[in-house]
Every structure is written in structure tokens, then in C-alpha cells.
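Notes to accompany the following structure.
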Amino acid sequence: MSQQTWSASLSLDSSAPRTSCLDLWREKNDRLVRQAKVAQNTRLSLRRQQLAQDTLEGLRELLHSLQGLPAAISVLPLELTVICNFITLRVSLARGFTDDLTQDIQQGLERVLETQEQLGPRVGQGLGELWDAILRASSLLPELLPALHHLVGLQAALWLSTDRIGDLALLLQTLNGSQSGASEDLLLLLKTWSPPVKESDAPLTLQDAQGLRDVLLTAFAFRQGLQELITGSLPRALSILHEAASGLCPRPVLVQVYTALGTCLRKMGNPQRALLYLIAALKVGTACGLPLLEASRLYQQLGDASAELESLELLVEALSATHSFEAPQLLIEVELLLPQPDQASPLHCGTQSQAKHLLASRCLQLGRAEDAAEHYLDLLALLLDGSEPRFSPPPAPPGPCVPEVFLEAAAAMIQAGRAQDALTICEELLSRTSALLPKMSQLWEDARKGAKELPHCPLWVSATHLLQGQAWVQLKAQKEAVSEFSWCLELLFRATPEDKEQGNKDASFHLLQTLKKLDRKDEALVLWQRLKVQTQMPQEEAAWSLPLYLETYLSWIHPPDCETLLEEFRTALLEPCDL
């Protein structure tokens, strides 16, 4: 039977068997959609999952039946609707888009082109070309438009999830009938997209084109607003984030949007309005960690240490609590179109141990030594619970690696007057790192010659001996203190490259004082000569900052007057024959 005869028999002869087949196919689609909605409302997760999977298989079988016959105009609205329901349910169950969904969309477009004789076959064309051919076709029948707009929504969701923003903008321009040179502002294009209203007797859908358009608008507004926030375009970020907040926002997304608005307002110097949005985020009643973290930043900016630390304590509690999550809708939701925040994102909340470290380190920086000591002990217990943590070079912000946490903890113990606890922590760290030192002699040599990056392990061990020395000083055990300081210097000089200048003035002069007290004249003379040259050169800001444990250590000493100290050392260190 030719395509024309097949199409006519379906659309004109109501008594023909194939007309009843079309009715049966439609009834099956509608029944499966109702079954999916029953599954959505089922509280038992296993029963819900089984019903959803059964629905997916039923849609797959129905689609196979429809596509096993030649494409017919009278069947295409139903066929495209089944494709859309099938894709929607697959994406929902997989909690994301998979590569093979492109094939489902492409097959649907090719079936449409089969019915457009003047267009001919389009073998080998990409999705963009297929969409352009279909949407610009003058022969396209109006009855296909609702289903095609539905499929456009799914294509848009797929392209948004894979950051194909240019392709998506071009598709919407074509769909809206825009001419060349029209606006490429995707937010504006989504706003102006108006899917046709479904007929009352149309096949049932899990999610219609209008619902997809609302999801896309909210998701893109949030993504773009967050990008503007990251790049510093704060007024524009504020405007776009307001747009996202007024859209179709599920509760977890609303928490993120309100938090982003709070971040934006804080950076714009409007802390009171920022606080209102953070309070609103907390009132949403789900995942409180993100607004609590931003609240701590806000209070830090305001100089309210008590409120900042209270926010961080609540953050630790929130991240340690077990949350009951609502079952996701069997729809394409905003969350599925949002990228996972990386560590540099203002919406990265981190883990319980990262929050605990932030709390402990802020207590140490704010001089709350006792609180810092207790929090660091809790943190070490958390890190060491289970498998032995890996010792690796420091990662990118926002946090240090495990050895540096040990060193910060030891500094906190000394600051709190708990020297014995500091020694215990240092011994634990040495037991985990000292075994690596004999294997690193070649790395040291390469580092000193500038051939390779400076290894971290010797610096950690050197800093450990430094803090042990200070702990023995606190315990008035001078002999042990001198021994630890000597070990610190030995490792430090072995690990420092020959051509690498010192990056911190106070640390350098403290090292000079220490070398003199230990009567290590040769090293002191070399350092003195280096410092003398540096003080005569134009001073530039260091491109790096000291780690927290060294900042804490330097806070215990009073930096001397540089010029006076250098002159005193010139007299004390140089023999008359050297002058």
C-alpha cells in the first residue's frame, strides 16, 4: 500500500480496521500516561519504580508498533507525542540526558520529512539541518505543530544540558519565525516562544510543550544569572536571578536561587537585603547547608564573629544530618538542566569535614583557641575514621590537604596551651610522612636545581618539627626544643631551591634570629646576605600567602625592625677579617 493510500485509509475511512488501530494506539498511550501518574503518586519506592519501568517499556513497544509502518500524516501527531512521552520518562528515570536520545529525536524528524514529498529524504543531515528543513517547510500542516513544539522543547532541554547554546538559540529563532540578524539572547527567545495550545481531544502527555518551556526558562535564567555572578556582572546577575526566582522553581532550586541572590546582594554592599534572601532560603525547608554557608560569609564581611561561627556550627550540623528527599517527578525538571557546582562555584557547599575545617580554622584565625582546639580534634577524628587518608599535594581552594590540617591542629593546640596534645598530633603526622623522606632525596636535589617542583612532604615534616619545637618551648624543655628546631632547619635548607628567594619578610627575619640563637653561623650568614640584598631592591607584593599554621606561628613572635636587625647581625656575624 502506498503512503497516500495508507494515510487516506486512516483519516477518511472511519470503518476501516486501521482507523481502529489508531484509536487503540491512542488509548494505549493515554493509559500509559495515566499509569505513570499513578506511579508518581505512589509512596512505596519499589512499587513506584516498577510502575514507571513498566510504563517505559509500554511506550517503547507502542513506538515500535507505530514506526514499523510507513509514516502517515494522520498518525504523526500521535507518534510524535509517544516519542515525547518516551523521552520524558527515560530522562526522568535516568536523572539526566543520554547520548542515544538524539537518535530518538532524529528518527521522529525523519518520519516527518517522509510525509513532506517535496522535501525528499534527508539522509546524513544533522539535527540542526533537519529542524531547519521542517520548520521552514511551507507545506507543514497545522495539526503537526503542537507535537513538533513539544519535540522542540525536548531538543532544547537536551541542548541546554550539553551547553549547545548557539544551536538552541538558532532553533528558537527558526521556530519563532525570526529573520537573520534577530536577537540571539536565549532568555528573550525563550520568553517569546509561545507553544500552541493543545486541543482538548489531543493524546495525553506526561509534560506538555508549555511546561517544558517554563522549565527551560527557569533553568537558563538561573544558569545565566549564576554565570553573571561569577564573572562579576552583579546588577545583571541580580536581574536575571530575580527572573529565575519568579519562574517554575522546585524547592531545592529555589534554595539555590535565593542563596545566589543573597551572594549577589552581599557583594553589591547590601547585607540587609542579602540576609532577607538567606532567611527566605532557610524557610523553604530543604537543604539548609548552602544558605548557612553564605550567611557565615555575610557575617564575616560584617565583622560579626559570633554570628559567623554560629552559622558555621549550624552548617556542620546540617551536613551531618540525614535528610529525607522527596521522590523526583516523572518529568523533566529544572534540576536536570543545571550543572553540578564545582569547588569554585558560590553554590558549592562542600562536605561535613570541609565545613568542620572551615569552622575550626575561623576559630583559630579569630583567636578562639579553645574552641579551635576542640573543633580540630573533632575534625581529625572525622578524617581518620575508616581508611587511612591519602597524603597528597594541596588541592585547589577551598581547603588544605590532610597533612596541613594536622599542622593547623597542632598550632591550635599550642595556641590553646595544650602543648602535649600538639606533640601527640605532630608525632602522628611524622609517623605517616617520615617514611617517605628517604625516598625523596632525588626529588630534593631536582628541586634545589630548579628542575622539578618543590616536593611538599619535606616542607610538611619541617613544619612539624617547627611546631614540636614550639610545644617543647611551652613545656620549658629547652634541649628538646633546640633539637626540633635544628631538624626543622636541616630539612628546610635541604628542600629549598638554590635560586629561590624567600616570599615572606617576617618569616625570613624570624629564621635569621633562630639561626643565630642556635649558633648556626654559616646558614645565618647566607640568609643575612640574601636579606640585605632584598631590602635594597624595590619591594613587590608576594604572589602567595603563608599557610594558616605558619601564620599562627608568626603571630606568636614580634617581627623586629628590619634595618636595625640587619645592622646588628652584620656586626655580630662577620669576623673583623670579613669587614
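Quick note: numbers below take in every heavy atom, side chains included, and nothing from hydrogens, waters or symmetry partners. Here, residue 1 is the first one in the sequence, and each next residue gets the next number.
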Side-chain donor/acceptor of S239 to backbone N/O of P235, under 3.5 Å: no

Let me see the working for T259 and E294 under side chain to side chain donor-acceptor pair (under 3.5 Å), right down to the final yes or no. CA-CA 7 Å; T259 303; E294 176 56 29; over 6 Å; no

Beyond-backbone contact of E408 with E551, side-chain heavy atoms, under 4.5 angstrom: no

Do D100 and R90 come within less than 4.5 Å of each other through their side chains, counting heavy atoms only? yes

How far apart are the closest heavy atoms of A219 and L337, and which atoms are they? CB-CB, 3.8 Å

With no hydrogens and no angle check, just 3.5 Å: does a side-chain donor-acceptor pair link T88 and Q207? no

Please check if the number of heavy atoms outside E310 that lie under 6.0 Å from its CD is greater than 12. no

Quick one, E317 with K356, criterion salt bridge (charged side-chain N to carboxylate O under 4.0 Å, His left out). Give me CA distance, side-chain angles, the key distance, then yes/no. CA-CA 9 Å; E317 291 181 15; K356 192 69 172 177; over 6 Å; no

Atom CG of N270 and atom CD of Q272: how far apart are they, to the nearest 0.5 Å? 8.0 Å

CG-CD distance between L63 and Q107, expressed to the nearest 0.5 angstrom: 7.0 Å

Give a yes or no on whether a salt bridge exists between R95 and E333, defined as a side-chain N under 4.0 angstrom from a carboxylate O. yes

Using modelled atom types and a 3.5 Å cut-off, is there a donor and acceptor pairing between side-chain atoms of S92 and backbone atoms of Q329? yes

Please report the shortest heavy-atom distance between G96 and L336, naming the atom on each side. N-CD2, 4.0 Å

Kindly indicate, with the supporting measurements, whether the criterion side chain to side chain donor-acceptor pair (under 3.5 Å) is fulfilled by W131 and Q155. CA-CA 10 Å; W131 275 116; Q155 180 70 82; 3.0 Å; yes

Exercise: identify the closest heavy-atom pair between A260 and L347: N-CD2, 4.2 Å

Determine, stepwise, if the pair E308 / S296 fulfils side chain to side chain donor-acceptor pair (under 3.5 Å). CA-CA 4 Å; E308 176 195 351; S296 73; 5.7 Å; no

Do the side chains of L160 and F220 get nearer than 4.5 Å, heavy atoms only? yes

Please list, one pair per line, the donor and acceptor atoms closer than 3.5 Å that link side chains of residues 363-374 to other protein atoms, with sequence neighbours excluded.
residue: Q365; atom: OE1; partner: R362; partner atom: NH1; Å: 2.9
residue: R368; atom: NH2; partner: S306; partner atom: OG; Å: 3.4
residue: E374; atom: OE2; partner: R418; partner atom: NH1; Å: 2.8

Shortest non-hydrogen separation from L319 to G350 and the atoms involved: CD1-O, 3.9 Å

Name every donor-acceptor pair, under 3.5 Å, that has one atom in a side chain of residues 193-202 and the other anywhere in the protein, sequence neighbours excluded.
residue: W193; atom: NE1; partner: H149; partner atom: ND1; Å: 2.9
residue: K198; atom: NZ; partner: T205; partner atom: OG1; Å: 3.2

Can you name the nearest heavy-atom pair linking P77 to L144, along with the distance? CD-CD2, 3.8 Å

Could you check R60 against D104 for salt bridge (charged side-chain N to carboxylate O under 4.0 Å, His left out), going step by step and ending with a plain yes or no? CA-CA 11 Å; R60 192 193 309 274; D104 295 325; over 6 Å; no

How about CZ on R47, more than 12 heavy atoms from neighbouring residues, nucleotides or ligands closer than 6.0 Å, or not? no

How would you list, by chain and number, every residue that makes a salt bridge (Lys or Arg N to Asp or Glu O under 4.0 Å) with E428, sequence neighbours excluded? R432

Evaluate whether atom CG of D99 has more than 12 neighbouring non-hydrogen atoms of other residues, nucleotides or ligands under 6.0 angstrom away. no

Please give me the minimum heavy-atom distance between P346 and L229, naming the atom from each residue. CG-CD2, 4.1 Å

Using a strict cut-off of less than 4.0 Å between a Lys/Arg side-chain nitrogen and an Asp/Glu carboxylate oxygen, indicate whether D208 and R213 qualify as a salt bridge. no

